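The shown structure was predicted, so the numbers you read here are calculated from the model rather than taken from an experiment.
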Amino acid sequence: MIQRKQSVFLFLAAVFGILALCMQLATVTAEGLTVYRVFSLWAIGQSGACSFEPCPLFALMLISTTLSVFTIFLYKRRPFQARLCMVNILIGLLWYIALVVVSKQIAPDALNFHVEIAAAFPAVSIILNFMARKGILADEKLVRAADRIR
């Protein structure tokens, strides 16, 4: 059954992942001047030069988004679907660890690293994956109870 609430949660998690892939994640400033604009795949300098230091952010979010879409279609294998939701949550947490590492690489002590709203989208995706996992486990419990009655 693809019309479950878990499918909606996983779809929304994928949408927020795509938004995090496309939008600006942060700005790096020094004394009020913008030095870098940080996206998931690259950081663009004031002179137009690109730096690919944020590339791990792109890779992790691309894996997470793809996994969310793939998990929607595994509705017949609920235990595996719940495990994939947990893996997706762990990937989201790894994304935030990678964001901290990238921020330390791009913005040394003299520069300020300011996050944008798009940096919160992976957290929303983590919450949606958690809600989907909870619904999947509730469905599995209901199916097992119905099998026990037969």
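- Grouping the Ile, Leu, Val, Met, Phe, Trp and Tyr side chains by contacts below 4.5 angstrom, directly or via other members, places F11 apart from I136.
- Judged purely by atom type and a 3.5 angstrom limit, S40 uses its side chain to pair as donor or acceptor with the backbone of A20.
- The backbone N or O of V100 lies less than 3.5 Å from a partner atom in the side chain of S103, making a donor-acceptor pair.
- Under a hydrophobic-cluster definition in which Ile, Leu, Val, Met, Phe, Trp and Tyr are linked whenever side-chain heavy atoms come within less than 4.5 Å, directly or via other members, I91 and F70 are assigned to the same cluster.
- Side-chain contact check for Q46 versus V35: every heavy-atom pair is 4.5 Å or farther apart.
- Checked options I44, V28, T29; the residue passing with Y36 is V28 (criterion: side chain to side chain contact (heavy atoms under 4.5 Å, CB included)).
- Closest heavy-atom contact between M61 and P122: CE-CG, 3.3 Å.
- How far CE of M131 is from NZ of K5: 8.0 Å, rounded to the nearest 0.5 Å.
- In this structure, CZ in R144 is found 8.5 Å from CZ in R78, a value given to the nearest 0.5 Å.
- Separating the CZ atom in R37 from the OG1 atom in T27 is a distance of 10.0 Å, to the nearest 0.5 Å.
- Side chains of V8 and Q6 form no contact here, defined as non-hydrogen atoms less than 4.5 Å apart.
- Annotation: cation-pi geometry satisfied between R77 and F80 (NZ/CZ under 6.0 angstrom from ring centroid, within 45° of ring axis).
- The two residues M23 and I117 make their nearest non-hydrogen contact at CE-CG2, 4.4 Å.
- Distance alone, capped at 3.5 Å, places no donor-acceptor pair between the Y75 side chain and the S7 backbone.
- S125 contributes no side-chain N or O that, together with a main-chain N or O of F121, makes up a donor-acceptor pair within less than 3.5 Å.
- A 4.5 Å side-chain heavy-atom check between L10 and N129 finds at least one atom pair inside the cut-off.
- Residue C85 comes nearest to R133 through the heavy atom pair CB-CB, 3.8 Å, listed as atom of the first residue, atom of the second, then distance.
- Between L25 and V115, the closest side-chain pair of non-hydrogen atoms is not below 4.5 Å.
- Between L62 and L21 the shortest side-chain heavy-atom distance falls below 4.5 Å.
- Linking ILVMFWY side-chain heavy atoms closer than 4.5 Å, directly or via other members, places F16 and V69 in a single hydrophobic cluster.
- R4 has its side chain within reach of D139: a pair of non-hydrogen atoms, C-beta onward, lies under 4.5 Å apart.
- Side-chain contact between F39 and P54 is absent, with no heavy atoms from C-beta onward closer than 4.5 Å.
- Cluster membership check: I106 does not share its hydrophobic cluster with V101, using side-chain heavy-atom separations under 4.5 Å among Ile, Leu, Val, Met, Phe, Trp and Tyr.
- In this structure, the side chains of L93 and I97 stay at 4.5 Å or more apart for every pair of heavy atoms.
- The line from CG of L67 to CD1 of I72 is 10.5 Å long, rounded to the nearest 0.5 Å.
- For the residue pair A123 and Y96, the shortest heavy atom distance occurs at N-OH, 3.1 Å.
- Residues T71 and N88 have side chains that never bring a donor and an acceptor to within less than 3.5 angstrom of each other.
- To the nearest 0.5 angstrom, E53 atom CD is 5.0 Å from Q105 atom CD.
- For the pair W95 (side chain) and L57 (backbone), a donor-acceptor distance under 3.5 Å is present.
- Grouping the Ile, Leu, Val, Met, Phe, Trp and Tyr side chains by contacts below 4.5 angstrom, directly or via other members, places L128 apart from L137.
- Here L12 contributes atom CG and I127 contributes atom CD1; the two are 12.5 Å apart, rounded to the nearest 0.5 Å.
- A pairwise comparison of heavy atoms in L60 and A98 identifies CD1-CB, 4.0 Å as the closest pair.
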